[in-house]
Amino acid sequence: MQFKTIIEPFRIKTVEPIRSTTRGQRETAIREAGYNLFSLKAEDVLIDLLTDSGTGAMSSQQWAGMMRGDESYAGARSFYRFEAAVQKITGLKHVLPTHQGRAAERILFGSVLKPGDIVPNNTHFDTTRANVEHRGAVGLDIPIPEAREPQTIHPFKGNMDLEALQKVLSEQGDQVPLVMITVTNNSGGGQPVSMANVREASAICHAHGKPLFLDACRFAENAWFIKMREPGYADKTPLEIAQEMFSYVDGATMSAKKDGLANIGGFLAMNDNDWAQKCRTMEILGEGFPTYGGLAGYDLEAIAVGLEEVLDEDYLRYRIRSIAYLGDRLDAVGIPFIKPTGGHALYIDAKALLPHIPWNEYPAWAFSNVLYIEGGVRAIEIGSVMFGRQPDGSEKPAAMELVRLAFPRRMYTQSHVDYLAEVLEYVHGMRGRIRGLKMVVEPPVLRHFTARFEPAHDVLVVD
Ligand SMILES: *Cc1c(COP(=O)(O)O)cnc(C)c1O
């Protein structure tokens, strides 16, 4: 290639205006929202990086596909198109559409887990853990040790600790009905898992007679990292890499709101006939008939097209580069974040950035509030507000105080990212003036969604 600039590999056909607000308007909005970004009206946000889940832009091909949607209750044409798209990538025999990823988890775990079981995973996503625990089972996180060191560079920081896997299967194998690997490792910073790690984990599982499932939400981003970083894969297509990855597993759960490039949907897929039979029964109870699984025919069409588009090399290059580009900008001014940058988000290390704010005044929460007030940017705290309250009622600091900036797919352009970098640099410059918060209303579960706060020291930012 003669030219170095990586462009957005699309042109814009439909636009959705975003609204500028003044700093004063944002101060009022956040105060009224109890200093909780979840309680803002989305309209009052300029750049919304709360999540990459279901927030992306669909293509003209996806919208066209939706017009073809067959809304027949059973055996719709759209289902067979969807099933073929999933099978082309995964090679898995049984494909059950679901309305989201967590529905696939609930059906799978509801069918195969019993109290006291253990599910090893590189790192459980929060809904995955919640669904495992809902069955009275234990979600065991066994990432490699580097996963918990924000500044350590490792090409596949999402990898599973294979010795730990070997150990749990040897010592407690009777309690393990299945093993899962999450690609990319969302809760661990969007970090990829290598092909070698999936292959070896698969060999270990199969030697113990255990099925391996992929939490495949970001399989395409993971395939791209393998292509870029793992010897032997540079000349393979993302589709070939994804196919090899799935060839090692016995099943998968998927949220199509991520690498399905759709606004809603997901699936559960597997090879085992008996498990599939049990899961179809569960699916009918909660989601619907197994050829629509809680989705409209047009949703199935949008996902079928999305699964093909997400493996496009130009798209993946642009996608991964957008996050790395923001990382380069932040590195230049010394803003600390989890390195290397992951596939779908950049995670700022608020503990390193705001050492003067104690954990129980929620440094990452305070930083994300100030990002909104100063620049209209909405991020999410992954720290002591989200994880601080323990099952025994005590409060403890989270392992890390992170602010996650998640990028919706195909939504924002480079000028949005340049603006974002400028806001981050500005807020970094005023970091000494940022103060913490106290929680004044605390809901009993998943408190971060609806808790209310006040500044712990009169103001959030001192003059
Ligand atoms: C989003 C996500 C899920 C759950 O999917 P939903 O569609 O939000 O229910 C599960 N695992 C991972 C890794 C995810 O990122």
Side-chain angles (χ1 to χ4, degrees), residues 38 49-56 82 86 90 96-110 119-134 139 141-143 147 157-160 178-193 198 212-223 225 242 245-246 249 251-269 282-283 286-287 293-295 299-300 302-303 306-307 310 319 323 342-347 380 382 386 402 404-409 446 448-449:
F38 283 103
L49 307 179
L50 190 72
T51 174
D52 65 319
S53 178
T55 50
F82 169 84
V86 173
T90 68
L96 288 68
T98 59
H99 83 278
Q100 290 201 205
R102 69 196 66 186
E105 294 166 352
R106 188 171 46 79
I107 292 168
L108 175 65
F109 300 144
V119 181
N121 195 324
N122 47 349
T123 306
H124 287 79
F125 181 65
D126 57 4
T127 61
T128 321
R129 170 172 296 284
N131 273 294
V132 168
E133 290 176 356
H134 186 66
D141 289 345
I142 46 170
K157 230 175 170 176
N159 279 355
M160 175 176 269
L178 79 163
V179 176
M180 293 193 80
I181 293 187
T182 305
V183 295
T184 56
N185 186 354
N186 184 2
S187 307
Q191 300 290 328
V193 177
V198 178
L212 176 63
F213 272 60
L214 270 193
D215 178 337
C217 294
R218 296 180 182 79
F219 74 95
E221 291 169 9
N222 202 80
F225 281 116
M245 213 155 62
F246 281 103
V249 302
T253 57
M254 170 80 187
S255 169
K257 301 174 74 172
K258 285 49 173 282
D259 276 352
L261 294 179
N263 300 124
I264 196 73
F267 63 79
L268 170 62
M282 281 284 283
E283 163 145 68
E287 292 283 289
L295 294 172
D299 294 322
L300 295 169
I303 298 166
L307 286 172
V310 78
R319 168 82 178 151
I323 322 273
H344 68 292
L346 183 142
Y347 297 68
I380 188 175
I382 302 191
M386 192 180 272
L402 303 175
R404 186 186 76 180
L405 305 159
F407 283 43
R409 292 172 179 76
L446 294 172
H448 54 286
F449 285 125

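This chain uses plain numbering: 1 for the first residue, then up along the sequence. Each ligand, and each atom within it, is numbered from 1 in the order the structure gives.
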I need the contact type for Arg102 against ligand 1. Using non-hydrogen atoms and a strict under-4.0 Å cut-off, is it side chain, backbone, both or neither?
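Both backbone and side chain of Arg102 come within 4.0 Å of ligand 1.
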
Within ligand 1, which atoms have a heavy atom of [X] less than 4.0 Å away?
X: Lys258; result: 1 (C), 2 (C), 3 (C), 5 (O), 14 (C), 15 (O)
X: Cys217; result: 2 (C), 3 (C), 10 (C), 11 (N), 12 (C), 14 (C)
X: Lys257; result: 7 (O)
X: Thr182; result: 13 (C)
X: Glu105; result: 10 (C), 11 (N)
X: Thr127; result: 3 (C), 4 (C), 10 (C)

Evaluation steps, side chain to side chain contact (heavy atoms under 4.5 Å, CB included), between Leu268 and Glu283
CA-CA 10 Å; Leu268 170 62; Glu283 163 145 68; over 6 Å; no

Given 3.5 Å as the limit, does a donor-acceptor pair link the side chain of [X] with the main chain of [Y], or not?
X: Thr98; Y: Gln100; result: yes
X: Glu287; Y: His99; result: yes
X: Thr90; Y: Val86; result: yes

Would you indicate whether the side-chain heavy atoms of Phe267 and Leu295 approach each other to under 4.5 Å?
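With C-beta onward as the side chain, the pair stays apart.
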
Return the closest protein heavy atom for atom 11 (N) of ligand 1 as residue, atom name and distance.
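Looking only at protein heavy atoms, the one closest to atom 11 (N) of ligand 1 is Asp215 OD2, 2.7 Å.
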
Nearest to atom 6 (P) of ligand 1, what protein heavy atom do you find, and at what distance?
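Of the protein heavy atoms, Gln100 NE2, 3.2 Å lies nearest.
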
Measuring from atom 5 (O) of ligand 1, which candidate in Ser255, Gly190, Gly260, Ala256 has the nearest non-hydrogen atom?
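Result: the heavy atom closest to atom 5 (O) of ligand 1 is in Ser255.
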
Look up atom CE in Met282 and atom CZ in Phe109, then write down how far apart they are to the nearest 0.5 Å.
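Going from CE on Met282 over to CZ on Phe109, the span is 11.5 Å.
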
Contact check: Gly101 vs ligand 1, nitrogen or oxygen atoms, below 3.5 angstrom
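Yes; the residue has a nitrogen or oxygen that sits under 3.5 Å from a nitrogen or oxygen of the ligand.
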
N or O contact, Arg218 vs ligand 1, cut-off under 3.5 Å
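N/O-N/O distance under 3.5 Å: yes.
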
Verify whether one side chain among His344 and Asp259 offers a donor that lies under 3.5 Å from an acceptor in the other.
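The answer is no; no qualifying pair exists.
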
Go through it in stages, so that I can follow the logic: the residues are Lys258 and Asp52, the test is salt bridge (Lys or Arg N to Asp or Glu O under 4.0 Å), and I'd like the CA-CA distance, side-chain angles, deciding distance and then a yes or no.
CA-CA 7 Å; Lys258 285 49 173 282; Asp52 65 319; 5.8 Å; no

